[in-house]
Number of protein chains: 2
Amino acid sequence: MKQYATLKDVAKLAGTTAATVSYVLNQKEGRYISDETRRKVLEAAKQLEYVKSIGASSLKGKSRKLIAILIPQFENQFFTRIIVASEEIFVKHGYDLIICNTLDKPEREKAILNRMIQQRVDGIILTPTKMGTENTKLLRKVGMKMVVVDRPLPGVKDFFWVATNNYGCGYLGANYLFSKGHRKVAYINWDSGIEDLEARKHAFFDAAESYGIPQGHLVVAEGGFSAEEGCQLTQKVLEEHPDITAIFYGFNIQALGGIKCLTERGVSIPDDLSVMIIGSPEWVMAGKNDFTHVDMNDLELGRKAASLLLSQIQQDDEVPFQHIIQDCSLVEGNSVRDIR
Amino acid sequence: MKQYATLKDVAKLAGTTAATVSYVLNQKEGRYISDETRRKVLEAAKQLEYVKSIGASSLKGKSRKLIAILIPQFENQFFTRIIVASEEIFVKHGYDLIICNTLDKPEREKAILNRMIQQRVDGIILTPTKMGTENTKLLRKVGMKMVVVDRPLPGVKDFFWVATNNYGCGYLGANYLFSKGHRKVAYINWDSGIEDLEARKHAFFDAAESYGIPQGHLVVAEGGFSAEEGCQLTQKVLEEHPDITAIFYGFNIQALGGIKCLTERGVSIPDDLSVMIIGSPEWVMAGKNDFTHVDMNDLELGRKAASLLLSQIQQDDEVPFQHIIQDCSLVEGNSVRDIR
């Protein structure tokens with residue numbers, strides 16, 4: 001197997017020592033090296049196409065120029081956009097990005113985080129699983145630079161966090177439906193067990209209350225995070241509550257399956273039923289689709305997380321912990337009928 | 001700033017040398033170490049929560065357990081799916097994945113590849129830019145494990161390649177349109193300058209010829225790789241050739257913009273105009289959309305590329321170069337009208 005040229009190879013060809021080669025190639029000062037030796041080293045390095053290893057530098061406490069990002073779902077465009085937006089910023093600053101999919105499994109998260117310590121990454125962006133607080137214990141102890149995205153670390157205060165105002169998102173969508181006259185509305189929810197995400201549902205109830213809508217008019221159907229579940233929950237809701245006028249999907253993957261099923265059943269949106277979605281995957285506005293939805297500004301979340309991590313890495317002074325909670329915006333399409 | 005414990009820290013606490021600690025922790029054999037020393041080392045490592053650095057091992061010629069993937073467009077689900085599918089396979093085998101976006105810019109590709117050599121990655125998956133052959137010269141010379149995905153390296157034979165049968169994809173889509181009676185058809189093309197992608201257009205003409213359709217019936221509109229261009233090309237085609245009955249989009253990003261414009265103009269698909277797309281981003285089948293399209297089996301491409309790279313990395317013997325060309329499949333929706 002062919003190999004890269006090492007410092008030693010360059011030294012051998014130049015007839016000098018590895019230490020001298022390192023001095024010349026890293027342009028260090030403080031030691032006299034003759035022009036003749038310098039010339040020989042540079043020539044040898046060029047001839048052998050020597051490229052230095054970052055790993056070697058990192059052993060001496062230098063930066064590895066590597067960032068890791070741990071994301072729980074790759075099939076969710078919300079997270080791939082966070083990756084894309086942060087990659088752009090990291091690369092501008094000379095950092096490469098390792099991406100990892102935890103699949104929302106705590107034991108996988110734990111294993112990946114351990115591997116990232118082994119890789120001596122300079123920092124980590126993490127959307128934690130349910131066990132995130134436990135799994136990041138060592139990282140927080142050794143002072144690994146870290147930004148938590150989207151979901152928090154329950155029970156911990158001292159961490160950098162960039163998140164969506166989930167309550168605000170839920171309120172925005174629910175309020176829009178009620179403002180258009182809808183009173184019998186179903187909310188389709190992911191039973192994630194993640195408290196922060198439940199805020200969307202609470203906001204739905206609070207918005208209803210502000211319109212004086214009795215709880216009995218509201219339907220909540222909860223299930224797993226998949227398009228299939230979204231379809232089943234939608235069918236269940238339609239069968240058990242045929243009088244609803246609108247469905248509010250709290251999670252876009254469930255919406256994807258739910259709306260497919262509505263279409264297959266011949267339900268016309270918004271003539272027969274109005275639809276609101278939290279999230280802005282490409283499909284909600286693509287082709288014939290023009291769904292009214294709540295945009296979480298995914299790319300901006302990724303940019304903020306990356307910038308916050310870089311500010312920790314690049315500053316010598318300790319940066320105080322920050323929680324950045326980003327608001328959503330409502331994008332009006334044609335999927336909600338005004339029935340006032 | 002807090003730091004990870006080093007071998008030296010462990011040695012100090014255990015009252016022994018770094019060499020001994022390395023012996024114990026890496027379970028090397030061939031040197032006598034007393035049970036007492038072994039116990040002290042293990043206890044010290046545990047107390048300091050020592051996690052070894054992969055970088056340190058990699059300097060001794062061991063694997064870095066890092067793979068890099070270079071992709072030209074992150075906004076294209078075709079490529080994010082290749083990333084997702086390959087990540088799954090690499091992680092199973094203990095490798096982490098660095099993702100990089102070349103933005104299809106040759107100078108950026110060159111800089112990233114150089115950085116990946118510095119990172120001493122174990123292998124690279126690459127969709128090359130126009131200058132890919134030139135930019136991979138050093139990699140090929142030093143025998144970097146590499147799999148080229150999607151586009152080839154022009155002028156080079158000796159490389160591992162996993163690609164789509166672009167001619168076959170084009171033929172499949174065009175043939176379907178002609179089989180449904182369409183004769184005046186426009187093909188919307190990305191003027192990429194990448195020969196392999198032009199095969200889709202050639203297949204369009206060949207399929208037409210097999211139906212005896214005169215060249216004069218066919219329209220080709222070419223432009224940049226963006227939704228905006230897709231919209232402009234679509235409008236141009238409709239204005240200059242109002243008698244066409246179908247549009248064949250060779251690239252899904254152009255289709256995204258083109259179909260949005262059709263919808264905004266009030267063109268009903270397939271009643272007024274039939275539409276065929278190469279590519280299967282989520283949106284083509286989501287919500288109200290049900291577009292007939294050519295599926296390139298993106299995930300399978302990613303899996304094949306990852307497996308091919310691993311087979312190179314994990315085998316000591318030299319693996320012979322392979323070109324794997326994967327066929328497409330046609331997915332029937334309701335966007336093509338039968339006008340026979």
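Quantities reported herein were computed from a predicted structural model and do not represent experimental measurements. Here is the naming used below: chain letters follow the sequence lines, and residue numbers restart at 1 for every chain.
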Report task. Heavy atoms only, distances under 4.5 angstrom: which of A:D290, A:I259, A:L256 has the most pairs with chain B? Name it, please. Result -> A:L256

Query raised in the report: Is there a side-chain contact between A:V275 and A:L262, using heavy atoms and a 4.5 Å cut-off?
Result: yes

**Report entry** Side chain B:S274, main chain B:R337, donor-acceptor under 3.5 Å
**Finding:** yes

Report summary line: Highest number of heavy-atom pairs under 4.5 Å with chain B among A:T263, A:V284, A:L103 belongs to A:T263

Report summary line: Assert top hit (heavy-atom pairs under 4.5 Å, partner chain A, pool B:E264, B:E282, B:R108) equals B:E282

Query - Check ion pair B:E300-B:R303 (N to O, under 4.0 angstrom) - result: yes

Query raised in the report: Between A:T129 and A:E109, do the side chains contain an N or O donor and an N or O acceptor separated by less than 3.5 Å?
Result: yes

Query - chain A neighbours within residues 77-94 of chain B, where any heavy atom lies under 4.5 Å away - result: B:I83, B:V84, B:E87, B:V91

**Report entry** Side-chain donor/acceptor of B:K260 to backbone N/O of A:M285, under 3.5 Å
**Finding:** yes

Query raised in the report: Within the distance-only criterion (no hydrogens, no angle test), does the side chain of B:N289 pair as donor or acceptor with the backbone N or O of A:A286 below 3.5 angstrom?
Result: yes

Query - Electrostatic pair A:K145-A:D122, nearest N-O below 4.0 angstrom - result: no

